[in-house]
Structures are given as C-alpha cells and as structure tokens.
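Comments concern the structure below.
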Number of protein chains: 2
Amino acid sequence: MSERLTIGKLGSATGTKVETIRYYEQIGLLPAPARSAGNYRTYQGEHLRRLSFIRRARDLGFSIDQVRELMGLADRREQSCMAVNVIANQHRDAITRKIADLTALAGELDTLIESCSRNTVADCRIIEALAPSLHSG
Amino acid sequence: MSERLTIGKLGSATGTKVETIRYYEQIGLLPAPARSAGNYRTYQGEHLRRLSFIRRARDLGFSIDQVRELMGLADRREQSCMAVNVIANQHRDAITRKIADLTALAGELDTLIESCSRNTVADCRIIEALAPSLHSG
DNA sequence: ATGCATCCTCTAGTCGCTAGAGGGTCAAGC
DNA sequence: GCTTGACCCTCTAGCGACTAGAGGATGCAT
C-alpha cells in the first residue's frame, strides 16, 4: 500500500533527472526522504505529489522561489487562493512582456536577414547592420 | 586624431558596464588594449567599433559564442554573408519557438487564473491545476 | 562470484555577467 | 604640495537552476 520508490523511479515517474532531485533536496525544496539499509533514498507518495507539483510549476516558468511560495500556500489551503492568484498574475504579466520583447526582436532580425539576402555575397550589409552607429562615420 | 578612451568612457559610449568590458576581455571577446603608464586600459576606435558590434548582437539575443562567430565572419568579409545568414536564421527560429512556447504557457496560466477566480477562497482549484495527474487518483 | 545498473557524496563547471574586497592612479581645488 | 574623490586595477566569489564527473558502495541477476 505504501509505494516505495528509488530516486531513479521517482525521476522517471516525474520526468526529472536524478541529480536534479538531489539538488531540490539540497536546497530544501523537496523534503529529505527516509533511507534504506544501504543508504538509498526511499520516496513515497507524498514525495511524488510534491515533485510533480514542482515540475509542473517549473514547466510553467515559475522560479524556484515562486515554487517555494506556491508550495507553502498549497500546504495551508485556507486563504491561499488569492495569494496564489497574485503570484500567477505577476507571472502572467512577465510572460506578456517577454512575448512582446521577443516579437520586437524577431522583427529586427527579419530586417537583418532581409537586408542580407537582397545582397550578393560580396557586399553583405548584415555586419554593418549590426553596428549601425558606426558604418556612417 | 587617435581617440584614446578609458574603460569608463568606452563603457558609457556603448552602454556597457566596466566590469562587463573587462569580462569580455577575459573571455577573449574583446582584444586586450594597450596600457597607460599607470596601468590603465587605453582603448581606441577599433575597440569602440568592436564593442558596439558585440552589444548590438547581444541585444538581438545572440549568445556569446554566436557573437564570436559573427565577429570572425565580419573580419573576413568575403563569403561571410551566407554564413551570417545561417546564424541569424537559426537564431530567428529559436525565437519563433520561444514565442510559441510562451504563448502556450500564457494560455495555461490564463486557465489557471480563471479557474481560481471563479471559486471562493475555500475551494481554490489552482493548486490542483498545478499537479494535474495527481488530484484524480 | 561476477558483472552491471543504480545508488551514494563531493566538487566543480555551465552562461553571462555582477558585486565586493583591497588596493593604486589621476586631475582638480586650495 | 597635499588632499579629496572619482576613477582605475586585480582577484575572488556569487547569482539561478541545474549538469557533469570522480571515486566509490549497493543491489540484483546470472
């Protein structure tokens, strides 16, 4: 009834590298599990749940500190939703900004690539385009 | 006629921190300049050109290694355009992928935030939403 | 008993800087 | 000439979030 997992099993169950799991333990993100007679880490259901939570949040781009905060809130269910919502919204805003930045950057790169492909090899403008304030002086 | 710049001047001329310039020298991205009697770095026009190029490329999101490659190409002008185009296009593709990932992520976060704001504090679903494969079993 | 996968700890490396300690240099003002 | 303060020097360590490797122990199958 109590599932006991080696670190390797836990890793493959959650798509996490073994070293990463040990790292999470080291920084106090995942609680240290019991050890076997041979000093192997033996994980249980609760660890699997926690690590899944961590991976999911990391996949959504939350920082380790944000994950820590979210987990703290998840542990005390009452009154947590609003706080969680705040974190999620902050993160949502950051993503919106990042998308805007990348889109602008893609446009610049397109201009660069465009200007290059219009020219023959001999007089490529892409290098000058990368140092715009200098090829005029 | 030969403009001599201190590291501070070079920094403010290119929007680069002094430490960053020294770092670029350390990793061999910017050539080491001559030194004054008092052991100060003394930069000239060529350094300004190079550093401007580096900054511009970094702003466009090229990695240090890509910048190194681009600079190598810039030095040997002939036959460089196509190679530059390859690097720029690789980078453009990476950005396209990143934008797609972030957009998908924003959608997931919106669902998360939505599901939270629909509920009262007591039965917030956002935590469960973050560990999707576990709250069903 | 032997081989091999998996596990252990510990340390150092990755990327692109950034910050700090502990000093030396230089130009201006008095 | 002497002080002040901004700038410069080197060296080392830190950030986030892992990743990789050395050097060894354990567990399980044959």
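Lettering follows sequence order; numbering is per chain, from 1.
With sequence neighbours excluded, no residue satisfies side-chain contact (heavy atoms from CB on, under 4.5 Å) with A:Q26. A:D110 pairs by the salt bridge (Lys or Arg N to Asp or Glu O under 4.0 Å) definition with B:R92, not counting sequence neighbours. Listed by chain and residue number, B:S63, B:R68 satisfy the side-chain contact (heavy atoms from CB on, under 4.5 Å) test with B:D65 (two or more places apart in sequence, or in another chain). Contacts of A:V18 classified as side-chain contact (heavy atoms from CB on, under 4.5 Å), with partners at least two apart in sequence or in another chain: A:I7, A:R22. By the side-chain contact (heavy atoms from CB on, under 4.5 Å) test, B:T42 pairs with B:R4, B:A34, B:S36, sequence neighbours left out.
Whole-Å rounding puts the B:K9 NZ to C:dA27 C1' distance at 11 Å. One interatomic measurement links the two molecules: CD of B:E19 to C1' of C:dA21, which rounds to 13 Å at whole-angstrom precision.
Between B:Q26 and B:T6, the residue whose closest nucleotide on DNA chain D is further toward the 5' end is B:T6.
For residues 91-117 of chain B, the set of pairs meeting the ring pair (Phe, Tyr, Trp, His ring centres under 6.0 Å) definition, not counting sequence neighbours, comprises B:F62-B:H91. Listed by first and then second residue, the side chain to side chain donor-acceptor pair (under 3.5 Å) pairs that reach into residues 97-108 of chain B are A:R56-B:E108, sequence neighbours excluded.
Heavy-atom contacts of chain B under 4.0 Å fall on DNA chain D between two terminal nucleotides, which in 5' to 3' order are D:dC7 to D:dT10.
Within 4.0 Å (heavy atoms only), A:R22 reaches at least one base atom of the nucleic acid.
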Pairwise N/O distances under 3.5 Å, protein to nucleotides 23-26 of chain C:
residue	atom	partner	partner atom	Å
C:dG24	N2	B:Y40	OH	2.7
C:dT25	O4'	B:Y40	OH	3.4
C:dT25	O2	B:Y40	OH	3.2
C:dC26	OP1	B:G38	N	3.3

